[in-house]
Each structure stands twice: as C-alpha cells, then as structure tokens.
Peer 1: 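I have a structure here, written as structure tokens, and I will follow up with some questions on it.
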2 protein chains.
Amino acid sequence: MENESVAKSLKLFIVLSRAYKAINEHVNKVIQANGLNPTEFAVLELLYHKGDQPMQQIGGKILLASGSITYVVDKLEQKGMLKRIACPNDRRVTYAQITDEGKSFIQEIFPEHARQIHDLMSSLSDTEKDEAIHLLKKLGLPAGKF
Amino acid sequence: MENESVAKSLKLFIVLSRAYKAINEHVNKVIQANGLNPTEFAVLELLYHKGDQPMQQIGGKILLASGSITYVVDKLEQKGMLKRIACPNDRRVTYAQITDEGKSFIQEIFPEHARQIHDLMSSLSDTEKDEAIHLLKKLGLPAGKF
DNA sequence: TAATATTATCTCAATTTCAAAATTATTATA
DNA sequence: TATAATAATTTTGAAATTGAGATAATATTA
C-alpha cells in the first residue's frame, strides 16, 4: 500500500530529527561551556581541519547565509581565533585563516568533543554504526542535490 | 583499536548532521512558502495531531525555550491559527488549541508536506527505511536521557 | 574597448531565538 | 491562615540568522 510507505518515510523523518536534536543538544552544551557558540565552533573546526577558506565557501559548508558568515567571522576575529587574509589573485575574495590561538583552542577542546560524541553514540555497536553511516549517506547525499 | 572506534562515532555524527540538515532545508522551504516558519508549523502540527497542549509541554516536545513558546503562540494566535484556553483547574496553565482555520491549513498543507518528505527519502528502499528507523531510535532514545 | 553580467563580501533592518528576571498562581508546611 | 517553595507563563533585552540591497572587483561579450 502506497500510504504505508509514505507513513514510513514520515516516521523516518521524525526519528532522524529526534536523534539529531538529542545528540546535538548535548554537543552544543560542551561547546558553549568553552565560550563559543555552535556556529563559531563549526567555522573554526573547518579552518583547522581543512585549512584557509574563502568566506563564501564557509557558508556553503556550514550552511549559512552570506550575512551570517560576516557576522561569525567578525566574532571569531574579535576573539583572536582567526584573521582575514586578502586573496592576492582576486581582490573580491577574502580568506579566513585560523590563528595559533585558534589552533590551540581546537587542540584543547577537540578530544573532549570527540569523546563526548563517542559516548553519545555508545548505544550502537561498531557494526551498527557502519550500517547507520551507510544508510545516512545514502539518504543525505541525494537530498542535498534536490 | 579504540581510536578507530571514536573516529567512527565522529563520522556517524557528521553524516547524521548532513542528512538531517539537507532534508530539513528542503522541508522548511515548503513550509515557509506557505507563510509559516518551521517552529510555527511544528507547534501547529503538534496541536493538530495530539490535541490541546499546555504551553509548557509544547516547549518540551518541540525543544523550545519557554520564552520562545510565548512568542510563537502569539504569532499563531495573531494569524488565527490557534487560541489560548485557560485551564479550569489550574489558573497558572494555559492550553493552546488549534482553531478550525488552523485545522484546514494543516489539512491543506500536510499532504504536500508528507509527499515531499517521501520524495526526499526515496533513495532508501522500504526495508532500508525500517533498518534506519531501528538504528536511529536506538541512537536517539538514550541520547535524550543523558 | 565599453557595456553588461556575474561574483564576493559587507551592511542593515527585520525576524527569531534564548536566558534571566518578573509576574501570577498553586501547593506544602508550620 | 500565613509563609515559603514550587510551577507556568510572560516580559525584556541581547544574540544570532536571514534576506535584500550596496559596493567593489572580475568576467563576458558585443
């Protein structure tokens, strides 16, 4: 029956939302306890792990409007966590670059961050995690392109 | 190796976030195209499907701060989608109740909403959806209680 | 080359959210 | 019945996010 299949999709949407929100709520608390908000942390982590990024690409990866990027980068710059670097080739472009201070911040926070996520995921076995990763990739990748 | 297991948890966290955000972004667009923001829709849908709710319980179910509930309920009341009903037993509590106008709004929107979610989930077979539901429940329920 | 379109960033006003304090009502206790 | 503790909602002010232009640089094309 077609209706049952739609109901199943709705059910999946609900459990997906619940799982994400429940986990995220805890993760955000640890981040905020360290003086950053979740968006700031996401930007800083991106720069730490992926290197310098043009402002716009940050928006693409973190899913943030252009006005918000300026705001967040301002905040992080004020805190000394990153600096703006003018692009030598294209004067329209500004890179965001993590500072040494930003790096040591991430280095200090990240292990606790990772450990907490690991704890929150402990209800699944490693095999189940692999299954979940597989299914969520299969679900998320096409949805991003609609 | 313990580190690999932590890395797997981080990976799962990332694909979970991506999948949720990718799907949610699309869902929110349809809702906003119909003149409500996602929070307003969530409240209205809750009242439609679960009946009258005390203000505070709305916050618990939608994961919203108490101050925000007042704001959202104000908005929906202004739009004629719900009304406040004083509780006869306890004068501290106020129920939010969906109006006929709110009901027909949901009735009009919901099929499109459900159909869109179904489309966004179409990369998984029914069996895979069942597996994903199982795993996400197992993941989300304990995380909610930490 | 000049005109036009596109792109990247920023500014600004409006919206949404939260956190903390204030208000009002209920319940427990002495 | 006072009094204190608890609870539900609202108010207030600040922070975060968006979307719509504004500005400036680059790319395209006639």
Side-chain angles (χ1 to χ4, degrees), chain A residues 17 21 24-44 46-47 52-79 81-97, chain B residues 17 21 24-44 46-47 52-79 81-97:
Chain A
S17 301
K21 286 181 188 170
N24 219 44
E25 193 190 6
H26 292 290
V27 170
N28 288 346
K29 271 187 191 143
V30 167
I31 292 170
Q32 282 167 328
N34 287 100
L36 292 192
N37 71 34
T39 309
E40 290 168 342
F41 182 79
V43 170
L44 207 57
L46 175 69
L47 298 181
D52 304 1
Q53 302 282 329
M55 302 279 287
Q56 212 194 23
Q57 301 214 16
I58 296 174
K61 296 190 182 165
I62 311 286
L63 218 56
L64 219 56
S66 74
S68 311
I69 306 162
T70 303
Y71 177 80
V72 179
V73 169
D74 282 351
K75 282 314 210 50
L76 286 169
E77 203 169 22
Q78 284 160 25
K79 292 177 183 173
M81 297 290 190
L82 63 74
K83 52 175 182 278
R84 285 172 158 91
I85 306 280
C87 172
N89 307 325
D90 188 335
R91 283 198 289 169
R92 293 170 306 178
V93 176
T94 306
Y95 287 95
Q97 181 178 70
Chain B
S17 302
K21 285 181 188 170
N24 220 42
E25 193 190 7
H26 292 290
V27 170
N28 288 346
K29 272 191 189 138
V30 167
I31 291 170
Q32 281 168 329
N34 287 99
L36 293 191
N37 73 34
T39 309
E40 291 169 342
F41 182 80
V43 171
L44 207 56
L46 175 70
L47 298 182
D52 304 0
Q53 303 281 331
M55 302 278 285
Q56 214 191 23
Q57 301 213 16
I58 296 174
K61 296 192 181 164
I62 311 287
L63 217 55
L64 215 57
S66 76
S68 311
I69 305 163
T70 303
Y71 175 81
V72 178
V73 169
D74 282 352
K75 284 312 213 50
L76 285 169
E77 202 169 23
Q78 284 159 24
K79 292 178 183 174
M81 298 289 191
L82 63 72
K83 50 175 182 275
R84 285 171 156 92
I85 306 280
C87 172
N89 308 325
D90 188 335
R91 282 198 293 170
R92 291 169 307 178
V93 331
T94 308
Y95 286 95
Q97 180 178 70

Peer 1: Any side-chain N or O of B/Lys75 less than 4.0 Å from the OP1 or OP2 oxygen of C/dT15?
Peer 2: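 The answer is no; no side-chain N or O of B/Lys75 sits under 4.0 Å from OP1 or OP2.
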Peer 1: Which residue in the set A/Ile69, A/Leu76, A/Thr70 passes side-chain contact (heavy atoms from CB on, under 4.5 Å) when paired with A/Val72?
Peer 2: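 Going through A/Ile69, A/Leu76, A/Thr70 one by one, the side-chain contact (heavy atoms from CB on, under 4.5 Å) with A/Val72 is satisfied by A/Leu76 alone.
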Peer 1: Rounded to the Å, how far apart are A/Glu25 CD and C/dC18 P?
Peer 2: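 So the CD-P distance, A/Glu25 to C/dC18, works out to 10 Å.
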Peer 1: Report the distance from atom NZ of B/Lys79 to atom P of C/dT16, rounded to the nearest whole Å.
Peer 2: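 In whole Å, C/dT16 P and B/Lys79 NZ are 7 Å from each other.
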Peer 1: Using whole Å, report how far CD of B/Gln56 lies from C1' of C/dA25.
Peer 2: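 That distance rounds to 13 Å.
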Peer 1: For chain B and DNA chain D, what are the first and last nucleotides along the strand, 5' to 3', with at least one atom under 4.0 angstrom from a heavy atom of the protein chain?
Peer 2: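 First and last nucleotides in contact are D/dA7 to D/dT11.
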Peer 1: How long is the line joining CD of B/Glu40 and P of C/dT15, in whole Å?
Peer 2: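 My rounded result for the distance is 12 Å.
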Peer 1: With a 4.0 Å cut-off on N to O distance, would you call B/Asp74 and B/Arg84 a salt bridge?
Peer 2: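 Between B/Arg84 and B/Asp74 there is a salt bridge, with a charged N closer than 4.0 Å to a carboxylate O.
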Peer 1: Spell out protein contact along nucleotides 19-24 of chain C as letters: B when the base is contacted, S when just the sugar-phosphate is, - when no protein heavy atom is under 4.0 Å; keep the 5' to 3' order.
Peer 2: B-----
Peer 1: I need the OH-C1' distance between A/Tyr95 and C/dT9, as an integer number of Å.
Peer 2: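 Answer to the nearest Å: 14 Å.
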Peer 1: Of A/Tyr71 and A/Asn89, whose closest DNA chain D nucleotide lies nearer the 5' terminus?
Peer 2: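 So the residue in question is A/Tyr71.
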Peer 1: Nearest 0.5 Å please: distance from the CD atom of B/Glu40 over to the CD atom of B/Gln32.
Peer 2: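 It comes to 9.5 Å.
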Peer 1: Report the distance from atom CD1 of B/Ile62 to atom NZ of A/Lys21, rounding to the nearest 0.5 Å.
Peer 2: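 B/Ile62 CD1 to A/Lys21 NZ: 7.0 Å, rounded to 0.5 Å.
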Peer 1: Quickly work out the A/Arg84 CZ to C/dA8 P distance and round it to whole Å.
Peer 2: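 Nearest whole value for this atom pair: 16 Å.
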Peer 1: Rounded to whole angstrom units, what separation is found between the CD1 atom of B/Ile62 and the C1' atom of C/dT16?
Peer 2: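 B/Ile62 atom CD1 is separated from C/dT16 atom C1' by 16 Å.
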Peer 1: By the 4.0 Å heavy-atom rule, please label A/Ile69 as base, sugar-phosphate, or nothing.
Peer 2: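 A/Ile69: no heavy atom of the nucleic acid under 4.0 Å.
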Peer 1: Counting only N and O atoms by type, is there a donor-acceptor contact under 3.5 Å from the side chain of A/Gln57 to the main-chain atoms of A/Pro54?
Peer 2: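 Looks like no, no N/O pair under 3.5 Å.
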Peer 1: Distance check needed: C/dT27 C1' versus B/Arg91 CZ, whole Å only.
Peer 2: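 Roughly 14 Å, once rounded to whole Å.
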Peer 1: Do you know which two heavy atoms are closest between B/Leu36 and B/Lys79, and how far apart they sit?
Peer 2: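 Nearest pair, atom of B/Leu36 first, then B/Lys79: CD2-NZ, 3.9 Å.
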Peer 1: Provide the closest heavy-atom pair for B/Leu47 versus B/Gln53 in the form atom of the first, atom of the second, distance.
Peer 2: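 What the structure gives for the nearest pair is CD2-CG, 3.7 Å.
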Peer 1: To the nearest 0.5 Å, what is the distance between CG on A/Asp52 and CG on A/Leu46?
Peer 2: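 Rounded to the nearest 0.5 Å, the CG-CG separation comes out at 10.5 Å.
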Peer 1: Determine the contact category for A/Thr94: base if any of its heavy atoms lies under 4.0 Å from a base atom, sugar-phosphate if only primed atoms, P, OP1 or OP2 are that close, otherwise nothing.
Peer 2: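 A/Thr94: backbone/sugar contact only, no base atoms under 4.0 Å.
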Peer 1: Rounded to the nearest 0.5 Å, what separation is found between the CD1 atom of B/Ile58 and the OG atom of B/Ser68?
Peer 2: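 B/Ile58 CD1 to B/Ser68 OG: 12.0 Å, rounded to 0.5 Å.
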